[in-house]
There are 2 protein chains.
Amino acid sequence: MKIGELAKLTGCSVQSIRHYEKEKLLASLRRSDGNFRLYDSAKVDQLKFIKHCRSLDLSLAEIRQLIELNQQPGMGCEDVNRMIDSHIEQVALRINELQDLQDKLMALRNSCASQSTVKECGILQTLSVTQK
Amino acid sequence: MKIGELAKLTGCSVQSIRHYEKEKLLASLRRSDGNFRLYDSAKVDQLKFIKHCRSLDLSLAEIRQLIELNQQPGMGCEDVNRMIDSHIEQVALRINELQDLQDKLMALRNSCASQSTVKECGILQTLSVTQK
DNA sequence: CTTGACTCTATAGTTACCATAGAGTTTAGG
DNA sequence: CCTAAACTCTATGGTAACTATAGAGTCAAG
Ligand SMILES: [Zn+2]
Ligand SMILES: [Zn+2]
Ligand SMILES: [Zn+2]
Ligand SMILES: [Zn+2]
């Protein structure tokens, strides 16, 4: 199958697939006479794997690592676990950061009485005050 | 004062300051004979304003908009309020996304019994299964 | 045999910077 | 006075994971 069909079957864009190839995540089997990429059904599964990983926000570098690990079935999977644990930690950190940000934004928002002028806007005044 | 001193007083990097200038957020008053940027103390406050906004994750485009608004003291401040409201909404959305992601990552992590091999790793198996 | 749909490569853009190169400027010490 | 260190200048490339073009070539149907 050609790249367009692979894209349709997986819900990826054609450009993404070419991008994954450039990043060594998904090679096409071979090229047609006219230099079109050709794929088989195994590639559909591989691309779905990549897509699944991306939906969990794993980076392309990490996905590449998982693919490489997958090719060494006998090895222990501690690296996999470590990667996921590390991600969980990063996400938790980010959630906390955003929660702090949210609190600050709410406080800022409350400093403006609606229907004010720019000159008297509590938000702009607050933003002008040096933080602790 | 020269750019290095401004950087120290505000905690910004020299490159950031030059970047803000390129983005029309903070102009230097004038240049020295040797073409060095020169600033006065008002610029310290302006840069602190920018930094404060950045700490709230406002984009440079939005900060530019706030600076422009600030120069029209008589206008109503609805645009300011709208911008902050919109930000609060975006952040809330992002927190929800990350929370979903966190749940998925935790479930994924639980699918691996530690001390497993790559071949039997529940995480890799789960990732290989097509999502609903 | 032409037309439209598809594909190819290469390049620029996104965001807010950081890092570097190579050159010029300023300042303090010897 | 001169030199070396510290500072500054512009321009460029890199970051992440793509998206969106441009311009050219390929393929299938009518
Ligand atoms: Zn990661
Ligand atoms: Zn207001
Ligand atoms: Zn915004
Ligand atoms: Zn495992």
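Protein chains get the first letters and strands the later ones, always in sequence-line order, with residue 1 at the start of each. Computed from heavy atoms alone, side chains included, the values below leave out hydrogens, waters and symmetry copies.
Put simply, CG on A:Leu38 is 9 Å from P on C:dC8, counting in whole angstrom units. In this entry the distance linking CE of A:Met1 with C1' of D:dC27 reads 18 Å, nearest Å. When the C1' atom of D:dC9 is taken as reference, atom OH of B:Tyr39 falls 12 Å away, rounded to whole Å. Put simply, CD1 on A:Ile3 is 15 Å from C1' on C:dA5, counting in whole angstrom units. B:Lys8 places its NZ atom 10 Å from the C1' atom of D:dA6, with the value rounded to the nearest Å. One interatomic measurement links the two molecules: CD of B:Glu62 to C1' of C:dT15, which rounds to 12 Å at whole-angstrom precision.
A salt bridge is defined here as a Lys NZ or Arg NE, NH1 or NH2 lying under 4.0 Å from an Asp or Glu carboxylate O, and B:Arg94 with B:Glu97 meets this definition.
A:Asp40 places a side-chain N or O within 3.5 Å of a backbone atom of A:Lys43 that can act as its donor or acceptor partner.
In this structure, the side chains of B:Arg54 and B:Leu60 come closer than 4.5 Å at one or more pairs of heavy atoms. Using a 4.5 Å heavy-atom threshold, the side chains of A:Asn70 and A:Phe49 count as touching. Inter-residue side-chain proximity for B:Met1 and B:Val44 is flagged as met; some heavy-atom pair is nearer than 4.5 Å. Put simply, the side chain of A:Leu47 reaches to within 4.5 Å of the side chain of A:Cys12, judged on heavy atoms. Between B:Ser111 and B:Gln125, the closest side-chain pair of non-hydrogen atoms is not below 4.5 Å. Side-chain contact between B:Leu56 and A:Leu127 is present, with at least one heavy-atom pair separated by less than 4.5 Å. B:Arg82 has its side chain within reach of B:Asp79: a pair of non-hydrogen atoms, C-beta onward, lies under 4.5 Å apart.
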One character per nucleotide, please: for nucleotides 16-24 of chain D, 5' to 3', B when the base has a protein heavy atom closer than 4.0 Å, S when only the sugar-phosphate does, - otherwise.
-BBBB----
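Of all non-hydrogen atoms in B:Ala27 and B:Tyr39, the two that sit nearest each other are O-CE2, 4.3 Å.
Interface residues of residues 22-37 of chain A facing DNA chain C, ordered by number: A:Arg31, A:Asn35, A:Phe36, A:Arg37; criterion, heavy-atom separation under 4.0 Å.
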Hey, mind stepping through A:Ile123 and A:Thr126 against side-chain contact (heavy atoms from CB on, under 4.5 Å) and telling me if it holds?
CA-CA 5 Å; A:Ile123 292 178; A:Thr126 304; 5.8 Å; no
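The overall bend of the helix from C:dC1-D:dG30 to C:dG30-D:dC1, read as the angle between its terminal helix axes built from five base pairs each, is 30° when rounded to 10 degrees.
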